[in-house]
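Some notes on the structure that comes next.
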Amino acid sequence: MIQLTPNSPHALQPSRAWWPFTRSRELESQLGLLADRAVRLEAQLKELDLRRKVIESEWSFWRNVLTAMPDPVLVTDSFDEVLLLNEPFQRLFGLTQEGVLRKPVDQAIPNAALVKAITGARATHTRGVRRLDLEVEVGGVTRMFRVGVTPIMSLPGGTSEGPTEECRGVIVTLHDLTAEREVAASKNDFVSSVSHELRTPLASIKAYVEMLIDGEAADDKTRRDFYDVISGEANRLSRLIDNILNISRIESGLVRVDLKPVNLDLIIRDALDVIVPQARQREIEVITQLSPAVHQIAADRDMIYQAVLNLLGNAVKYSPPGATITVSTAVDEAAGEVSATVADTGPGIPEKDLPHIFDKFFRSKANNQIAKGTGLGLAMVKHVVQAVHHGSITVESKVGQGSRFTFRLPVLK
């Protein structure tokens with residue numbers, strides 16, 4: 001029996017021609033597999049790169065949305081760390097984005113009530129907006145905000161009992177209620193003042209009518225006096241209602257404004273024709289110093305006429321006999337304005353009342369006994385000059401030396 005060993009001359013040896021060919025086929029096959037894998041990897045890389053760009057684009061979009069929002073907004077993550085905050089939020093609390101990002105809210109936000117609301121909302125693991133009112137001091141002024149705290153919930157998976165929710169963070173929005181509260185308070189004050197002003201003449205009319213019914217006016221002269229009081233109070237009530245409606249229409253923008261080129265001096269002269277006879281009856285001298293230059297303004301003639309008439313009427317009403325009222329106009333070429341001034345030598349207005357002199361229903365207590373009024377005349381003048389004609393009005397006054405009202409309107413070019 002012959003034993004074959006690798007070194008035996010009878011052992012089968014691979015052919016030198018067949019071996020390189022076999023190795024080449026194996027290498028080609030492996031190279032083909034590697035090439036296919038490379039193609040698949042390249043396609044996967046392109047898909048991942050596309051997804052990355054889409055995610056970056058969406059992230060940039062929502063970040064821009066957050067930045068563009070006018071209300072302060074803060075976003076935290078599932079660890080109660082600051083994830084995003086826009087510029088209004090930074091300004092409100094004096095923060096910088098670089099200084100608070102990825103920091104715990106209790107270290108980043110200098111407001112304990114807000115921090116408690118954020119951490120409490122995340123810890124509850126329930127949907128729904130939680131709201132609270134928050135006072136924040138800004139520049140020495142306390143402002144009121146309505147805060148909305150919304151947990152960001154997700155459904156990562158579930159158990160045999162059903163899906164489980166997880167809080168991934170919190171969105172915080174702050175809406176400034178300061179202006180709304182001031183408007184609401186102003187409306188309440190307005191309604192209260194209107195009610196009071198309407199009640200006064202109505203009470204007077206009712207009282208005198210009851211006296212007439214009870215026969216307390218025994219003679220014609222007494223009855224005539226009662227009738228005069230009733231008529232005067234009814235006229236006062238009518239003026240009050242007209243002034244309230246006019247101011248309301250101007251404030252709401254419902255009033256029809258007929259702007260035309262007019263000469264302010266001519267309007268003032270027409271108002272003086274009405275006021276001067278009243279001034280003479282009270283022994284008050286009216287001096288006019290109207291500008292010789294003719295400059296036109298774009299104005300609603302009737303409104304400006306009413307504003308001038310109110311200023312002149314107040315000057316006559318509050319000035320004692322022997323006083324002087326000076327009406328003047330001037331043109332400021334550099335500023336492109338024409339001004340009108342009504343100055344009197346009456347009792348003047350206390351300094352503490354000057355900031356409120358144009359407020360609705362405001363009347364200086366120091367001068368209440370001098371003349372009756374509704375407290376709406378100067379408020380209407382201010383609305384006509386500023387809101388309707390985009391001008392300005394100022395007042396200067398000293399007790400015992402008189403008052404000086406000046407309004408300025410743009411010159412028509």
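The salt bridge (charged side-chain N to carboxylate O under 4.0 Å, His left out) contacts involving residues 395-406 comprise nothing, where partners must be two or more places apart or lie in separate chains. Residue pairs meeting the salt bridge (charged side-chain N to carboxylate O under 4.0 Å, His left out) criterion with at least one partner in residues 73-86, sequence neighbours excluded, are D77-R102, D80-R122.
Electrostatic pairing of D273 and R269 does not count as a salt bridge here, judged by no charged N lying under 4.0 Å from a carboxylate O. With respect to the salt-bridge test (charged N to carboxylate O, under 4.0 angstrom), the residues D49 and K46 do not qualify. In this structure, R224 does not pair ionically with D220, as no charged nitrogen and carboxylate oxygen lie closer than 4.0 Å.
Remark: the backbone N or O of V115 is paired with a side-chain donor or acceptor of T119 at under 3.5 angstrom. Using modelled atom types, one side-chain atom of T76 and one backbone atom of V170 make a donor-acceptor pair closer than 3.5 Å. At least one donor-acceptor pair closer than 3.5 Å links the side chain of T329 to the backbone N or O of S291. Remark: side-chain polar atoms of R143 are not paired, donor with acceptor, to backbone N or O of T178 under 3.5 angstrom. Within the 3.5 Å criterion, the main-chain N or O of A218 finds no donor-acceptor partner in the side chain of T222. For the pair N86 (side chain) and P72 (backbone), a donor-acceptor distance under 3.5 Å is absent. In this structure, the side chain of N263 engages the main chain of D265 through a donor-acceptor pair within 3.5 Å. Distance alone, capped at 3.5 Å, places no donor-acceptor pair between the R282 side chain and the A323 backbone.
When all heavy atoms of V308 and A271 are compared, the pair lying nearest together is CG1-CB, 3.8 Å. For L259 against D300, the heavy-atom pair with the smallest separation is CD2-N, 3.6 Å. Closest heavy-atom contact between P151 and R130: CG-NH1, 3.4 Å. Taking both residues in full, the closest heavy atoms of P320 and G346 are given as CD-CA, 4.0 Å, listed atom of the first, atom of the second, then distance.
Checking each of L92, V172, L101 against L85 for a side chain to side chain contact (heavy atoms under 4.5 Å, CB included) leaves exactly one that passes, namely L101. Checked options I171, L174, I109; the residue passing with L74 is I109 (criterion: side chain to side chain contact (heavy atoms under 4.5 Å, CB included)).
Side-chain contact between V395 and F405: present, with at least one pair of heavy atoms (C-beta onward) separated by less than 4.5 Å. Here the side chains of V384 and N310 are not in contact, with every heavy-atom distance at 4.5 Å or above.
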